[in-house]
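As structure tokens, the structure follows; a few thoughts come after it.
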Amino acid sequence: MTAERTTLWYFIGALVVGGAERTLVDLANEINGEEYDITIWTIFSTNPLESELSNEVTVRSLTDAGRVSNGAIDGVESPLVYLLAPLKFCLVARREQPDLIQSFLFYDNVIARVAGVFCSATIITGIREVPNEEPVVRHVIDRVTISFSDVIVSNSTAGRDHAIERGAAEENVAVVYNGRNIEQYRTTDSAELRSELDIPTDTTVVGTVGRLVERKGHFDLLDAWPTIVSEIPDAHFVFVGDGADREHLTERVNSLGCADSVHFLGTRQDVPALLGAMDIFVFPSHYEGLPGAVIEAMAAELPIVATPVDGTSDLLENYRTGLFVDVQKPDEIAWATIRLHQHQPLAETLGTAAGQRAASEFTTESMVDGFEQVYRELETRSEETAYVQPLIE
């Protein structure tokens, strides 16, 4: 460690709009700047969330490649970027010798682990989700390199168990839940926003927030929608977010004949206000890490319909803070959504309880405290090793 501050490098592909990226921005902004000299390294130079970072956080990009399309990086001219950029990062790490290198996502984890071979930094990698099906190559790479991580931080208990199953030592795996600024989501004035969206103020608005990709369960949700509007004729559905499946989802809406009641808003910067305009939040994901979108809906005190997949089941409890439905079951999604609409006391009870839990367990402050505790324990471990080593020699 340096005499003044610990040099902490975060490594991520790009600061696009996503759960891991949002967590990183919040963490970098709130961590103690008097103790940590923070740099965020990205492979690509297109970083929409960079504008939200504090001036004290340095961003360094390894290439000029990449552009954002459908909420993700696209337009890489040469696949060599994925080889040359990691090599450059390893060489810079060797030259500058940071104290800590931390990553969050699979590809970034592999690069951080390899970089640890080139320098003396402590390597902290992450598990953000446990996929239902994993490519064999990814499985092998993860298992072979996992021992290169000094510590693995998961955002869910399922991720912790997954890391241990992969071969990580139990004492080297920690769980730090995602957090949000809860007060930011406590908004009630939605009339102006509903007017902007051309949704009458007295109708029921069901919504979700997330990337438009199949594993989020959006197609299941659309299959449930005709049943929902048959019981709630004035209902409107709002998709907040963008992704590769937007065109296919739009086609599904048109084939179902419900285009007038379904709205695709794309990536938005006013998510708290949009949640305030919703009456029910639906999150039928096929698998997750610890979904920040659900924490945000909890903070907004919305009644929530969700699947009890890894991560989401850490956040919600059936009939206490939300209603659970089975994965890929449109009929159950429809039933639970209609039930919340028809039983307002239940909806209000679940929403209030969800808000209370978010405020007590899933705040930005608790997340930052969790990561700082990991860093402090690593510093203590490093000092103890430095003290014991001469005795061994």
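- Under the 4.0 Å criterion applied to side-chain N and carboxylate O atoms, Asp270 and Arg268 are assigned as salt-bridge partners.
- Using a cutoff of 4.0 Å between basic side-chain nitrogens and carboxylate oxygens, Arg357 and Asp314 are not scored as salt-bridged.
- The aromatic rings of Phe104 and Phe371 sit perpendicular, their planes meeting at an angle over 60°, well past the 30° parallel limit.
- Between Lys216 and Asp245 there is no salt bridge, since no side-chain nitrogen of the basic residue lies less than 4.0 Å from a carboxylate oxygen of the acidic one.
- Glu96 has a carboxylate O that lies under 4.0 Å from a charged side-chain N of Arg60, or vice versa, which qualifies the two as a salt bridge.
- The backbone N or O of Ile228 lies less than 3.5 Å from no partner atom in the side chain of Glu231, so there is not a single donor-acceptor pair.
- Nearest heavy-atom pair, Ala163 versus Ile146, reported as atom, atom and distance to 0.1 Å: O-CD1, 3.8 Å.
- Aromatic ring orientation, Phe362 versus Tyr177: perpendicular (interplanar angle above 60°, classes split at 30° and 60°).
- Using a cut-off of 4.0 Å between Lys/Arg side-chain N and Asp/Glu carboxylate O, Glu332 and Lys329 are scored as not salt-bridged.
- A salt bridge links Glu165 to Arg143: one of the charged nitrogens lies within less than 4.0 Å of a carboxylate oxygen.
- By the 4.0 Å N-to-carboxylate-O rule, Glu52 lies close enough to Arg22 to be salt-bridged with it.
- Between the CD atom of Glu372 and the CD1 atom of Ile31 there is a distance of 5.0 Å, given to the nearest 0.5 Å.
- The aromatic rings of Phe237 and Phe239 sit tilted relative to each other, their planes meeting at an angle between 30° and 60°.
- Inspection of the Asn178 and Arg128 side chains reveals an N or O donor paired with an N or O acceptor under 3.5 Å.
- Ionic pairing of Asp142 and Arg138 is not present here: no N-O contact between side-chain nitrogen and carboxylate oxygen is shorter than 4.0 angstrom.
- Under a 4.0 Å N-O distance rule, the pair Arg211/Glu21 does not qualify as a salt bridge.
- Salt bridge status for Arg186 with Glu296: absent, with no side-chain N to carboxylate O gap under 4.0 Å.
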Q) Thr250 and Glu247: side chain to side chain donor-acceptor pair (under 3.5 Å), yes or no, with the steps? A) CA-CA 5 Å; Thr250 303; Glu247 183 178 345; over 6 Å; no
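- Atoms OG1 and CD1, on Thr227 and Ile338 in that order, are 6.5 Å from each other to the nearest 0.5 Å.
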